[in-house]
Amino acid sequence: MNQGFLQDVLAGLRLSQKALSPKYFYDEQGSEYFDQICQLEEYYPYRTELALLPDVAQELNQFFTQHSLDNVQLVEFGAGSLHKVKPLLQELPMVREFVALDISGEHLKRASADLAQSFPQIEIKVAQGDFTKPIRLELSEATSIGFFPGSTIGNFEPKEAVDFLRNARTTLGKDSYMLLGVDTKKDRQMLERAYNDSKDITAHFNKNILARMNRELDADFNLDQFRHVAVYNQKLGRIEMHLRSLVQQEVTIAGEAILFDQDETIHTENSYKYHPEEFEQLASSAGWQGEKTWLAPDGIFAIMLLRNAGG
Ligand code: AVI
C-alpha cells in the first residue's frame, strides 16, 4: 500500500473541512479523464491556450533573435503528453535542447520518444523529480526557458505558486525566462460551465479520487453517494471542486472509519484565476519580472513571459 498516499488521505479526511490534494487525481484513470476534459468544448483553457501558442512562438522567435539568444534550453515543468511544446519547437530554431520534468515516468518517456522522432535536431531529455522543488539540472551555456502551460499554476495556493516560481528560478539559473499559461478571471457562467460539463467527465475525474482510494487503500466509498460540485468563489478568485456526501454515512479506509454528515464535502481542488497584472505581482515577489503577455480573444486566457530579475 502507498503509505504516503494513505497518510495524506487520513490527515485530510480528519480535518473539519475534509480535503484531499488534487495531485492524487492523476493516476492512469484520472489522467485519461483529464485528457478527455481537454477535448470538451466547455473546457476553454486547453483549446484556447493551444490556439494562442503558434502566435506566441512566432513572437518569441523575434524576441530571442533581437536579444541574440541563439542557444536555448527549454524546460517543461510537470510535463505530461508534450502536446503544447510542439508549436514552440516548430518555430524556435534556437532551442537546441528540451528537458521534460515530471514525477511520473512511463507516460512521459513514451511522449518524449515521439517528440524526438518529430524533432531529431533537438536533444530531448526526461528528468524525473518533484518539479515544485529546486532541481539540479545540467545547465549548459544555453539560456534556460521554463515552460509551465495549462494554468496548472492555478492549482497551487498563491503562496505555493510563489514558492514554485522561486524554486523554478533556482532550477533555471540566472538570465533565465519562464513562459506560463494563466487562466484569467472572468464571468462566473463561463468558469462554472468549464468545470460542470454536460458529459459529466469532470464529475468522473473528481470522483476518481474516491475510486482510487477504493483501489489502492482498501477503502469502501460508494461513488453514487457523492456528488461532484464545482463553484466559483469570487472573493478568493478560484473555482473550488468538492465532493458532497448525499447522505450521512461511514466509510472505511485501511481499517479507519471516517464519518460524513449529509451534505458535508471533501474539498478536492482549487483552480485560481488571475488578472494578468495580479499574476505579474505575484511573480515579482518570487523574483520574476513580467516581460510580455499574450491574451486570447476576450482576454479569456493569458500566456505570460517572465524574466529572471536576478538577486
Ligand atoms: C490541471 N488543471 C489546470 C486543471 C484546472 O483547470 O484547474 C484541472 C481540472 N480540474 C477540473 N477540470 C480540470
Side-chain angles (χ1 to χ4, degrees), residues 19-50 52-53 76-85 100-104 107-108 111 131-132 146-158 160-161 164-165 179-212 226-233 236-244 265-274 279 282 296 300-304:
L20 294 169
S21 166
K23 73 179 178 194
Y24 292 119
F25 283 141
Y26 301 94
D27 65 349
E28 210 166 311
Q29 177 68 72
S31 303
E32 167 66 22
Y33 283 134
F34 182 63
D35 285 348
Q36 290 177 25
I37 287 174
C38 291
Q39 300 310 315
L40 293 167
E41 188 274 321
E42 291 116 318
Y43 191 70
Y44 65 87
Y46 181 83
R47 60 181 159 76
T48 307
E49 184 180 48
L50 204 58
L52 193 56
L53 275 167
E76 181 168 343
F77 291 84
S81 48
L82 305 181
H83 288 314
K84 300 226 177 110
V85 76
L101 257 184
D102 208 349
I103 308 176
S104 72
H107 187 55
L108 189 58
F131 67 88
T132 62
F147 181 44
F148 197 37
S151 194
T152 305
I153 192 130
N155 296 131
F156 296 144
E157 288 303 305
E160 291 168 353
F164 163 74
L165 287 169
L179 188 70
L180 288 124
V182 178
D183 195 13
T184 53
K185 288 191 165 130
K186 58 185 66 66
D187 69 80
R188 170 185 298 278
Q189 214 189 347
M190 184 171 188
L191 282 167
E192 290 189 348
R193 204 172 156 259
Y195 293 83
N196 290 285
D197 65 275
S198 50
K199 294 191 177 131
D200 278 345
I201 311 277
T202 314
H204 285 107
F205 172 74
N206 197 4
K207 284 189 183 186
N208 178 57
I209 206 161
L210 305 179
R212 184 172 178 189
F226 288 85
R227 175 171 299 149
H228 162 73
V229 178
V231 283
Y232 185 51
N233 180 333
L236 297 176
R238 68 190 195 193
I239 283 279
E240 290 183 11
M241 290 210 315
H242 293 256
L243 289 162
R244 173 176 294 140
T265 71
I266 310 175
H267 187 175
T268 48
E269 186 183 62
N270 289 320
S271 192
Y272 282 86
K273 313 299 169 186
Y274 295 98
F279 189 80
L282 179 144
I300 63 169
F301 196 89
I303 296 182
M304 303 182 66

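In listed order, ligands and their atoms are each counted from 1.
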The answer for which part of Asn155 has a heavy atom under 4.0 Å from ligand 1 is side chain
For atom 10 (N) of ligand 1, what is the nearest protein heavy atom, given as residue, atom name and distance? Glu269 OE1, 2.8 Å
Above 12 or not: heavy atoms from other molecules or residues under 6.0 Å from CZ of Arg227? no
Give a yes or no on whether the ring-centroid distance for Phe205 and Phe25 is below 6.0 angstrom. yes
Which of the atoms of ligand 1 are close to Thr152, meaning less than 4.0 Å from one of its heavy atoms? 3 (C)
When you compare ligand 1 with Tyr195, is there at least one nitrogen or oxygen pair between them that comes in under 3.5 angstrom? yes
Would you say Gly154 contacts ligand 1, with heavy atoms under 4.0 Å as the rule? no
Does the side chain of Ile266 come within less than 4.5 Å of Ile209's, by heavy atoms? no
Give the minimum heavy-atom separation between Phe156 and Tyr272, together with the two atoms involved. O-CD1, 3.4 Å
Just how far is it from atom NZ of Lys199 to atom CD1 of Ile37, taken to the nearest 0.5 Å? 12.0 Å
Location of contacts on Phe25 toward ligand 1, heavy atoms closer than 4.0 Å: neither
Checking side-chain polar atoms at under 3.5 Å, does Lys186 have a donor or acceptor matched by the opposite partner on Tyr232? no
Would you check whether Pro45 reaches within less than 4.0 Å of ligand 1, judged by its heavy atoms? no
Counting non-hydrogen protein atoms only, what is the nearest one to atom 4 (C) of ligand 1? Give residue, atom name and distance. Tyr43 OH, 3.3 Å
If you draw a 6.0 Å radius around NE2 in His242, do more than 12 non-hydrogen atoms from other residues or ligands fall strictly inside? yes
Under 4.0 Å from a heavy atom of Gly150: give me the atoms of ligand 1 that qualify, with their elements. 3 (C)
Using a 4.0 Å cut-off to any heavy atom of Phe34, which atoms of ligand 1 qualify? 1 (C), 4 (C), 8 (C), 13 (C)
Show, in sequence, the C-alpha distance, side-chain angles and deciding distance for Met304 and Leu179, and conclude whether the side-chain contact (heavy atoms from CB on, under 4.5 Å) test is met. CA-CA 6 Å; Met304 303 182 66; Leu179 188 70; over 6 Å; no
Region of Tyr26 engaging ligand 1 - heavy atom pairs below 4.0 Å: side chain
Note: ligand 1 atoms sitting under 4.0 Å from heavy atoms of Ser151 are 3 (C)
Quick note on ligand 1: atoms under 4.0 Å from a heavy atom of Ser271 include exactly 5 (C), 6 (O), 7 (O)
Residues Glu28 and Arg212 bridged, charged N to O under 4.0 Å: no
